[in-house]
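Atoms considered below: every heavy atom in the structure, side chains included; atoms not considered: hydrogens, waters and symmetry mates.
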Amino acid sequence: MYEQKTLPSDENVIEFIEAVDHPKKKEDAYRLLDIFAETTGYPPVMWGPSIIGFGSYHYKYATGHEGDAPLVGFSPRKAKISLYLSACEPEREALLEQLGKHTTGKSCVYVNKLADIDESVLRKMIQHSVAYLQEMYPEA
């Protein structure tokens, strides 16, 4: 049976950010902390060892697989900053076109630094992701 590995913890978000080696990435992490907290209204929570999440929802797939995940979040990884936003949100592609320099994965948006993207578009993406997930999973 599947056991979810990325769960919320009591780890300290500030201590995690302080451990980021690169000074500019650390600065960007603090800025993202402000952006996500202000935009969502949720406090930051560590999910697993490296994701800072905001809010949460419980999902259940038709296969029976279920679990919990943050509504949105980010991780200041060594290579790039990972932004965790809903991959299914209808406005995602249009907003990505306006975001600035980035790459994407299945549900992640990767940026080198915050200076490469438009913060107002990021805020819209956060808002849209939260609203979409709360509509899809009303218990969120």
> Under 4.5 Å between any side-chain heavy atoms of Lys80 and Thr103, yes or no?
Replying inline: yes
>> Please give me the minimum heavy-atom distance between Gly48 and Ser9, naming the atom from each residue.
In response: O-OG, 4.4 Å
>> For the backbone of Tyr137 and the side chain of His58, can you confirm whether one donor and one acceptor N or O come within less than 3.5 Å of each other?
In response: no
>> Just verifying a value: how many Å separate Cys108 SG and Arg77 CZ, rounded to the nearest 0.5 Å?
In response: 7.5 Å
> Heavy-atom distance under 4.5 Å between the side chains of Met125 and Leu96, does that happen here?
Replying inline: yes
> Looking only at atom types and distance, does a side-chain atom of Lys25 sit under 3.5 Å from a main-chain N or O of Lys78, one as donor and one as acceptor?
Replying inline: yes
> Can you find a pair of side-chain heavy atoms, one from Tyr30 and one from Ile14, that are under 4.5 Å apart?
Replying inline: yes
> Is it true that a side-chain atom of His102 and a backbone atom of Gly100 form a donor plus acceptor pair closer than 3.5 Å?
Replying inline: yes
>> If you define the side chain from C-beta out and look only at heavy atoms, does anything of Leu95 sit under 4.5 Å from His128?
In response: yes
>> Using every non-hydrogen atom in the two residues, find where Ser129 and Leu85 come nearest and quote the distance to one decimal.
In response: OG-CB, 3.5 Å
> So which heavy atom on Phe74 is nearest to which on Ala29, and how close?
Replying inline: CZ-O, 3.5 Å
>> Can you list, by chain and residue number, the hydrophobic cluster partners of Ile51 when the side-chain cut-off is 4.5 Å?
In response: Val45, Trp47, Tyr84
>> Are Tyr110 and Ile81 packed together at the side-chain level, in the sense that at least one heavy-atom pair is separated by less than 4.5 angstrom?
In response: no
>> Could you report the tightest heavy-atom contact between Glu11 and Met46, atom names first, then the distance?
In response: O-CG, 3.5 Å
>> Walk me through whether Glu27 and Lys24 qualify under salt bridge (charged side-chain N to carboxylate O under 4.0 Å, His left out).
In response: CA-CA 5 Å; Glu27 180 183 320; Lys24 183 61 179 151; 3.3 Å; yes
> Below 4.5 Å, heavy atoms only, C-beta onward: do Leu32 and Ile52 meet side chain to side chain?
Replying inline: no
>> Testing the basics here: between Gln134 and Leu71, what is the closest heavy-atom pair and its distance to 0.1 Å?
In response: NE2-CD1, 3.9 Å
> Please walk me through it: do Glu91 and Lys124 pass salt bridge (charged side-chain N to carboxylate O under 4.0 Å, His left out)?
Replying inline: CA-CA 9 Å; Glu91 300 297 319; Lys124 285 180 191 172; over 6 Å; no
>> Are more than 12 heavy atoms, taken from residues, nucleotides or ligands other than Glu135, located less than 6.0 Å from that residue's CD atom?
In response: no
> Any side-chain donor-acceptor pair under 3.5 Å between Tyr132 and Gln127?
Replying inline: no
> Can Val20 be reached from Leu33 by stepping across I, L, V, M, F, W or Y side chains whose heavy atoms are under 4.5 Å apart?
Replying inline: no
> CD of Glu18: more than 12 outside heavy atoms within 6.0 angstrom?
Replying inline: yes
> Given side chains that start at C-beta, do those of Asp68 and Leu7 come closer than 4.5 Å, heavy atoms only?
Replying inline: no
> Which word best sums up how the rings of Phe36 and Phe54 line up, parallel for under 30°, tilted for 30 to 60°, or perpendicular for over 60°?
Replying inline: parallel
> Where is the tightest heavy-atom contact between Lys101 and Ile117, given as atom of each residue plus distance?
Replying inline: O-CG2, 3.6 Å
> Can you check salt bridge (charged side-chain N to carboxylate O under 4.0 Å, His left out) on Arg31 and Asp28, steps first, answer last?
Replying inline: CA-CA 5 Å; Arg31 181 70 189 126; Asp28 282 352; over 6 Å; no
> How are the rings of Tyr61 and His65 set relative to one another: parallel (under 30°), tilted (30 to 60°) or perpendicular (over 60°)?
Replying inline: parallel
>> Is there a side-chain contact between Ser75 and Ser50 in this structure, where contact means two heavy atoms from C-beta onward sitting under 4.5 Å apart?
In response: yes
